[in-house]
Amino acid sequence: MRLSACCRKHRAGRCRVAASSVSTEGQGGKGPAGLTYRGVGAVPYEGQMVEELQEKVEELRALFGELKNASRVDEVAEEMMRAAHTIKGTASLAGFSKLSQAAHWVETLLELVKDGRLELDDEVRSLLEGFLDSIEDFVRSISIDGTEGSGSIEYLIAKATSLIAGRKGKGAPLPDFFRKRPVYRYTVKVTFDSISDKLPAWVFSLARTLGSLGRILSSTPDIEGFLKKPEKGVNSFTLEVESWLDRENLRKRLAALEGVREVEVDEYGRERTEKKTYKVAVVFREEFPLKAARALLILKDLKNLGEVLSVSPSEEELREGILNAASEFEVSLLTDKKPEEIEAAVKRHPGLKDVRVAEGKVETQKPARHRPRPPMVSRREEKNLDRLMYLLEELFFVSDWTKEALKECKSPELGEVSKRLDELLSKMRGILFDMRTVSMRSIVEEFEPLVSRLAKELGKSVEMEVEGEDLRVDRRIAAALWEVLVHVLKNSVVHGIEKPEERRKAGKAPVGKITVRLLQKGDFVELVVTDDGRGIDPEEIKRRALERGLLTRERAEGLSDEQTLELIFLPGMSTQEVARENSGRGLGLNVVREVIRSLHGRIYVRSEVGKGASFIIQVPFELSIIPAYIVEVGGEEYAVSAIGVTGTISLNREEVRKVGAYITVLNGRPVPAVLLHDLVDFTAIPPEKLEGLVVETGGGSAVLLVDRIVERRDVVVRPLRAILPRVERNIPYTGVTLLGGRRVVPVIDGVAVFDLVLGGERK
Amino acid sequence: MASVLIVDDVLFARIILRKLLSEAGYDVVGEASNGREAVEKYLSLRPDVVIMDIIMPDMDGIKALKEILEIDPKAKVIMVTSVDHEKRVIECIEAGAKGYIVKPFESSQVINEIERVLSEA
């Protein structure tokens with residue numbers, strides 16, 4: 001997104017920076033053409049860039065033809081290098097890495113030719129042509145759908161590298177970094193699904209893939225012959241293949257092909273010895289950090305030794321960073337390697353306490369439990385949905401604009417247009433919402449087995465229950481909430497719920513209970529995760545915060561219990577040491593808060609010592625359209641996200657007093673207040689009559705004071721990337737929106753304002 | 001003698017690593033302070049091993065790792081991380097990082113990891 005910095009100052013309407021991509025033609029001269037807002041993400045590739053690329057490609061092509069003219073080689077090569085360089089630069093700016101690489105290689109090869117280190121013969125020529133073809137393909141694909149497409153240049157690069165390495169040019173010696181890339185030889189056996197009409201197509205794609213990853217030396221039955229005249233009853237091929245991929249990767253690539261049922265890849269000529277299944281148990285030292293990451297590296301090594309039949313905890317769980325309390329993981333491996341070889345491979349890794357390799361399988365073969373994930377949608381579909389959503393949001397801006405125009409010229413016809421536009425928009429939004437959303441309840445329910453398993457590993461017993469309505473939320477919000485739930489539920493099981501004997505002593509049922517409640521609260525979703533464990537002791541939290549220097553003693557004394565509980569979300573509180581001790585809470589909770597923030601949501605905690613704790617999470621239903629209050633300060637508009645705002649008040653300036661920080665009186669009780677003026681515009685003078693948003697922060701109510709509250713409405717939030725001047729970064733801006741279709745207005749996270757202010761006091 | 005490229009946005013971290021690696025007999029062929037520079041230097045230097053911080057401005061380590069691997073799928077990249085960033089390390093491993101080391105650096109840890117990665121086929 002490009003948002004000219006001047007617009008923050010000038011406000012659109014007064015700003016005259018020319019629009020570059022949003023056409024304002026056909027607006028009948030209504031409104032200034034000062035719309036400097038430009039698309040983000042979904043439709044980012046401007047025709048201009050694509051045109052420039054196409055132009056350069058044509059230029060390269062034409063020059064390539066001239067390269068034959070021996071007298072002008074140097075000159076032509078230089079011109080080609082320049083064109084390639086431009087393509088490379090444009091491509092890397094726009095994030096097209098394959099295109100940029102291909103252009104880079106054209107440049108490299110030509111440079112070597114020009115310097116006389118590489119002779120321009122047919123082989124080099126065909127290599128250059130190969131790269132040119134790829135560049136053309138990529139650019140064509142970009143012009144069609146904005147992506148480079150699936151074409152690969154791996155093979156060309158490998159060829160180029162080995163060619164340069166193997167060739168001695170006439171002039172200076174080759175730079176030694178062009179070391180020859182190793183190429184491996186394999187025997188590959190591919191078996192396709194039961195014979196079908198599609199078999200020839202499948203075989204063709206196998207041959208093409210192997211061609212792009214290396215080359216086929218021989219095949220039985222002969223693939224070429226088969227493709228010319230498919231033979232009945234054949235569905236399996238044994239090939240001799242050369243490739244630079246390692247065994248596991250080659251296997252993966254082939255296994256992913258359509259119609260492939262089974263793939264075996266063996267080093268060429270290796271004697272096939274009998275395979276056995278081994279149980280490999282790896283135990284880490286208790287204090288060794290990042291065990292799951294190490295486990296994944298070990299697992300990769302094991303995969304290169306044979307076929308991994310099962311892993312416990314599952315690979316999915318390892319990826320989530322879960323490693324059981326015993327710091328141990330087990331793999332069952334089918335391999336022809338000797339147990340000593342396996343052990344040696346594992347022992348090369350640090351942090352190990354013990355490695356055991358024994359014949360036999362991992363007994364506790366649990367059913368593979370997949371990570372609860374929003375239903376899979378193809379990338380293409382997802383992308384198209386994003387684009388549709390983006391267009392819908394743009395239409396919202398247009399609708400706003402229409403309304404604004406309507407204020408100026410009271411045309412009844414335009415009024416009808418505007419009304420009709422809104423109706424259609426709201427219908428479209430409904431349908432798109434349905435397409436983009438998933439059931440929250442089904443996602444939460446998938447955590448049940450995970451929770452009881454984790455509890456069991458810790459010698460605890462926990463029952464999890466899901467209550468409340470089934471709500472649908474944006475798939476991306478669901479995905480982020482998934483991550484949040486992992487932390488919060490883990491936290492409840494590990495730190496909240498006590499062991500059965502402890503629970504009995506406290507007069508509780510031995511089985512702990514965790515409840516996840518789903519509620520619709522106005523414009524947002526509320527998730528409440530409650531456990532009946534030992535609760536969080538504010539005194540303990542204070543002690544830890546003091547120890548870590550996150551709090552001064554005076555400040556600590558003034559904190560209410562609710563405010564103290566807020567401290568568990570501070571970064572310094574969520575270190576591993578805290579998590580390891582039983583009394584402390586704070587397992588990555590700061591990360592959780594960051595995630596929620598990024599969704600324009602909020603999280604806070606309530607707890608009663610000995611009785612349990614609740615984490616309350618609120619997020620909007622959709623990612624980019626959120627409810628907000630439009631407010632005014634010093635004549636400028638701001639949007640404050642409505643989540644966490646429980647009401648509005650009006651008051652006189654004298655009702656706000658300054659005692660260190662501002663305070664005001666709400667329902668007869670003093671509460672902290674913040675003048676938005678102090679954050680966004682020091683020069684603005686608050687008027688006699690002020691209005692305020694009552695914000696429910698984790699630590700109690702607070703009031704955000706503004707000149708005027710204009711309205712409450714949905715706004716489309718666009719991400720903000722380092723556009724505002726540095727000073728303004730101290731304000732919790734979460735993005736920008738367009739009001740009236742063209743006024744750029746910052747969106748502010750109301751709850752975060754108070755964290756910022758309170759946080760400032762903490763130091 | 002194996003050649004190493006050090007990538008970290010913090011000068012101090014680069015100095016420590018350079019000293020540690022030079023003393024252990026490695027040839028530190030280059031340094032980069034962000035991901036973009038790392039990719040460029042990788043192309044021109046072709047080091048045996050890259051040691052790269054994950055969190056950096058102007059293209060982070062994860063993105064740089066992916067680009068390097070796209071250029072050279074056999075590249076040996078070791079990520080530098082701190083104990084509370086397991087998720088990111090895992091993301092790097094999934095993307096093809098060959099190993100990781102944890103800050104603060106301990107020379108035996110760093111050297112073992114480099115040797116382990118170098119000994120891989």
Side-chain angles (χ1 to χ4, degrees), chain A residues 92 95 97-98 100-101 104-105 108 152-154 157-158 161 175-179 181-182 184 213 244-247 249 287-297 299-301 304 315 318-323 345 347-351 483 486 571 574-577 579 587-588 590-591 722, chain B residues 3 29-30 36 39-48 54 57-59 63-64 66-75 78-79 81-104 106 108-113 115-121:
Chain A
S92 76
S97 61
K98 285 192 288 189
S100 135
Q101 252 182 74
H104 172 82
W105 272 100
T108 306
S152 164
I153 48 169
E154 279 174 56
I157 293 178
T161 320
D176 61 3
F177 55 77
F178 285 115
R179 262 178 264 125
R181 201 193 264 256
Y184 308 99
L213 299 173
W244 61 89
L245 285 183
D246 63 30
R247 220 177 89 182
N249 275 321
E287 75 286 359
F288 184 67
L290 313 184
K291 298 188 190 75
R294 186 55 63 180
L296 282 169
L297 279 175
L299 192 57
K300 268 193 177 176
D301 284 357
N304 273 327
E315 212 173 331
L318 287 176
R319 253 179 239 145
E320 286 307 324
I322 297 171
L323 201 54
K347 278 195 168 155
R348 297 192 303 130
H349 289 270
E483 199 167 317
V486 169
S574 60
T575 60
Q576 286 220 329
E577 320 144 45
L587 191 80
N590 72 308
V591 179
Chain B
S3 58
V29 290
R36 200 167 301 284
V39 178
E40 279 163 18
K41 293 229 166 134
Y42 186 86
L43 265 173
S44 61
L45 299 169
R46 295 275 162 163
D48 297 321
I54 299 182
D58 196 14
M59 191 190 282
K63 196 141 178 261
K66 287 180 183 160
E67 289 211 359
I68 289 175
L69 286 172
E70 191 134 331
I71 296 164
D72 177 4
K74 292 256 148 211
I78 294 173
M79 308 309 293
T81 180
S82 62
V83 284
D84 36 353
H85 288 135
E86 181 149 40
K87 266 271 172 86
R88 287 182 204 241
V89 185
I90 289 173
E91 199 185 322
C92 292
I93 292 171
E94 292 289 307
K98 293 281 190 282
Y100 66 91
I101 51 180
V102 183
K103 277 188 211 175
E106 210 178 283
S108 65
Q109 184 217 162
V110 177
I111 292 159
N112 282 345
E113 193 72 350
E115 285 306 314
R116 186 183 67 74
V117 167
L118 280 173
S119 69
E120 269 177 26

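Lettering of chains follows the sequences in order, A, B, ..., and the numbering in each one begins at 1.
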Let me know if B:Q109 has heavy atoms under 4.5 Å from chain A in its side chain, its backbone, both or neither. neither
Under 4.5 Å from any heavy atom of chain A, what part of B:S108 do you find: side chain, backbone, both or neither? neither
I need the [X] [atom1] to [Y] [atom2] distance, nearest 0.5 Å.
X      : Y      : atom1 : atom2 : answer
A:L296 : B:E86  : CG    : CD    : 8.5 Å
A:L318 : B:E94  : CG    : CD    : 9.5 Å
B:E40  : A:H104 : CD    : NE2   : 9.5 Å
A:Q101 : B:L43  : CD    : CG    : 7.5 Å

Applying side-chain contact (heavy atoms from CB on, under 4.5 Å), run through A:I157 and B:I71 and close with a yes or a no. CA-CA 8 Å; A:I157 293 178; B:I71 296 164; 5.8 Å; no
Which heavy-atom pair separates B:Y100 from A:A293 by the least distance, and what is that distance? CE2-CB, 3.7 Å
Nearest heavy-atom neighbours spanning B:E67 and A:S97: OE2-CB, 4.4 Å
Which one, B:T81, B:V102, B:N112, B:I93, leads in non-hydrogen pairs under 4.5 Å with chain A? B:I93
Which residues pass the side chain to side chain contact (heavy atoms under 4.5 Å, CB included) test with B:A75, sequence neighbours left out? B:Y42, B:I68, B:L69, B:D72, B:V77
By side chain to side chain contact (heavy atoms under 4.5 Å, CB included), B:E91 pairs with (sequence neighbours left out) B:I62, B:K66
Non-hydrogen atoms of chain B under 4.5 Å away: do they reach the side chain of A:N249, the backbone, both or neither? neither
Please flag which part of A:K300 lies under 4.5 Å from any non-hydrogen atom of chain B: side chain, backbone, both or neither. side chain
Side chains of B:R116 and A:L297 in contact at under 4.5 Å (non-hydrogen atoms): yes
Tell me whether A:R348 is salt-bridged to B:E113, with the criterion being a basic N under 4.0 Å from an acidic carboxylate O. no
